[in-house]
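Have a look at the structure below, then the notes.
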There are 2 protein chains.
Amino acid sequence: MESLNRVKDPKGRKRSSKRDPEANRQLLIKATLDTIADIGVTDTSVSRICERSGLSRGMIHLHFGGKDNLLTAAAQHFSTEYYAEMDRMTDLGSDASPEDRVMAVIEADLSEALLNPRSTKIWHAFRGIASSHRGIARYSSTQDPKLVETLRRAFTEIAQQNGHDPNLVNDATSGTLALLEGMWVNYLTDMQVFSRRRSAELIRRFLAGLFPGKFIL
Amino acid sequence: MESLNRVKDPKGRKRSSKRDPEANRQLLIKATLDTIADIGVTDTSVSRICERSGLSRGMIHLHFGGKDNLLTAAAQHFSTEYYAEMDRMTDLGSDASPEDRVMAVIEADLSEALLNPRSTKIWHAFRGIASSHRGIARYSSTQDPKLVETLRRAFTEIAQQNGHDPNLVNDATSGTLALLEGMWVNYLTDMQVFSRRRSAELIRRFLAGLFPGKFIL
DNA sequence: GTCTCTAATGGACGATCGTCCATTTAATGT
DNA sequence: ACATTAAATGGACGATCGTCCATTAGAGAC
């Protein structure tokens with residue numbers, strides 16, 4: 001029987017469960033995001049992060065070289081996780097209609113998994129400081145190329161069937177993303193009143209207007 | 001001839017130009033907003049605000065009782081100014097069509113006067129810390145009752161002419177505001193690429209889909 | 001066991017934070 | 001001219017900030 005204090009890392013080498021640099025790195029990032037969601041970026045200090053992670057003060061300097069880099073890494077991690085979850089939730093069969101694929105993106109973005117108190121607080125906190133923090137600015141964009149391409153391709157298929165003008169696809173794509181942005185803000189501002197279903201239906205309704213005969217309930 | 005260092009306040013009493021509590025109050029608020037736009041909320045300290053305003057450190061405690069209250073007052077001032085300017089720009093004659101009134105709101109919100117680097121940075125900075133700052137949270141709402149009512153009334157008039165279902169007005173109202181939110185984010189994220197005209201046209205297009213025969217170019 | 005190397009610790013450090021108040025300055029009343 | 005009142009100053013204060021490093025602890029090599 002393998003010793004309890006030994007685990008295997010992804011490469012299969014044995015490592016101590018008490019000494020795990022990568023795990024501690026992730027722990028710090030996690031603690032940073034939790035702290036931001038809990039008390040806000042302004043009050044998120046090195047001390048708060050350390051006491052939440054249970055690690056010593058020196059770890060941040062050791063693993064990230066400073067608080068700024070940790071914040072940047074946290075923003076990157078958050079962004080990566082968002083798009084990974086989005087991918088997971090929009091992985092429909094290849095025979096899915098373009099309308100279904102668009103609605104899958106919308107419903108994923110409005111789902112509990114992506115749109116929740118923690119994520120909205122973190123997201124808007126990062127966006128709020130992005131313009132004065134180069135590192136974070138890189139990961140505060142709404143326009144993820146892959147997601148944009150998914151929508152654009154779906155809208156292109158829909159438009160081709162009806163033969164609309166070329167700008168329609170661009171407008172539908174950035175309009176959909178803009179509406180989702182607005183919904184996140186609505187959620188942040190008043191979580192009590194917010195309704196995921198009604199928000200999704202609202203966007204569907206706008207798209208139904210844009211593509212006659214499509215996106216009907 | 002009246003002495004140069006004496007001016008009249010709104011109530012007509014004589015006051016010194018060197019001693020003007022209200023003017024200094026406003027100066028502090030202005031300096032706070034400028035500092036936030038310049039270096040971000042995180043780095044906006046009492047010292048930075050004071051050196052920008054040219055006033056002494058004690059003034060913040062004297063006029064506002066502390067930094068938190070100053071930040072709240074700044075958020076309130078910013079919000080008030082936004083809606084005042086919005087009112088000014090949407091003061092069409094009473095014979096204006098509901099469509100024109102809606103488009104006036106959209107174009108005002110996307111105009112240089114309201115949507116500029118300074119205002120977007122401040123707006124998103126406040127929103128980012130709103131969830132951990134009660135005072136600011138009050139002034140970070142997108143759903144200004146008066147503006148909502150303006151849109152709702154206009155959409156109601158448009159819908160009545162065509163006889164649509166009652167939810168249409170609600171959806172058009174909050175959809176329009178959500179789209180505008182998204183446009184502000186687009187502007188903040190990439191000011192170089194952003195186009196006021198195309199953004200307004202995109203929203204018009206969405207509304208044209210929602211109200212057949214209306215909002216056509 | 002002993003050596004080596006790196007992960008991890010936790011306190012020292014100067015800088016800066018926000019608050020507060022004793023003092024000075026300017027305007028007004030008598 | 002003098003007293004009174006309020007505006008404004010600027011430094012003192014303790015607390016906390018983020019960085020850095022001398023030290024300890026743990027794991028593998030031999």
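Model, not experiment: these values are computed from the prediction. Below, chain A is the first sequence line, B the second, and so on; all start at residue 1.
Separating the CZ atom of B/R25 from the P atom of D/dA8 is a distance of 12 Å, rounded to the nearest angstrom. Separating the CG atom of B/D43 from the C1' atom of C/dC17 is a distance of 12 Å, rounded to the nearest angstrom. Remark: C1' of D/dA6 and CG of B/D20 are 13 Å apart, rounded to the nearest angstrom. What separates CG of A/L27 from C1' of C/dA8 is a distance of 13 Å, to the nearest Å. One atom, CD1 of B/I60, and another, P of C/dG18, lie 8 Å apart when rounded to the nearest Å. To the nearest angstrom, P of C/dA8 lies 9 Å from CG of A/L28.
Put simply, B/N24 has no side-chain N or O that comes within less than 4.0 Å of OP1 or OP2 on D/dA7. Regarding contacts with the backbone of C/dC17, a side-chain N or O of B/S45 is found under 4.0 angstrom from either OP1 or OP2. The phosphate of D/dT19 (OP1 or OP2) has no side-chain N or O of A/H61 nearer than 4.0 angstrom. Distances shorter than 4.0 Å separate none of the side-chain N or O atoms of B/S47 from OP1 or OP2 on C/dG18.
Salt bridge status for A/R52 with A/D38: present, with a side-chain N to carboxylate O gap under 4.0 Å. Ion pairing between a basic and an acidic side chain is recognised when a charged N comes within 4.0 Å of a carboxylate O; B/R127 and B/E181 show such pairing. By the 4.0 Å N-to-carboxylate-O rule, A/R196 lies too far from A/E107 to be salt-bridged with it.
With A/V105 as the fixed residue, the side-chain contact (heavy atoms from CB on, under 4.5 Å) test singles out one of A/L151, A/L177, A/T176, A/I203: A/L151. Checked against B/Y82 for a side chain to side chain donor-acceptor pair (under 3.5 Å), the options B/D87, B/D144, B/D109 give a single hit: B/D109.
The A/L55 side chain lies nearest to C/dT9 when the options are C/dT9, D/dT9, C/dG11. Here the nucleotide nearest the side chain of A/R57, chosen from C/dA12, D/dA7, C/dT19, is C/dA12. In the set C/dA12, D/dT9, C/dA8, D/dT9 carries the atom at the smallest distance from any side-chain atom of B/M59. Nearest to the side chain of B/R19, among D/dA6, C/dA8, D/dA12, sits D/dA6.
In this structure the side chain of A/S119 never reaches within 4.5 angstrom of the side chain of A/L114, judged on heavy atoms.
Applying a 4.0 Å cut-off to non-hydrogen atoms, the residues of residues 63-73 of chain B that approach DNA chain C are B/G66, B/K67, listed by residue number.
Donor-acceptor pairing under 3.5 Å is recorded for the side chains of A/S47 and A/R57.
Backbone-only engagement by B/R48 is indicated by non-hydrogen atom pairs under 4.0 Å involving sugar-phosphate atoms exclusively.
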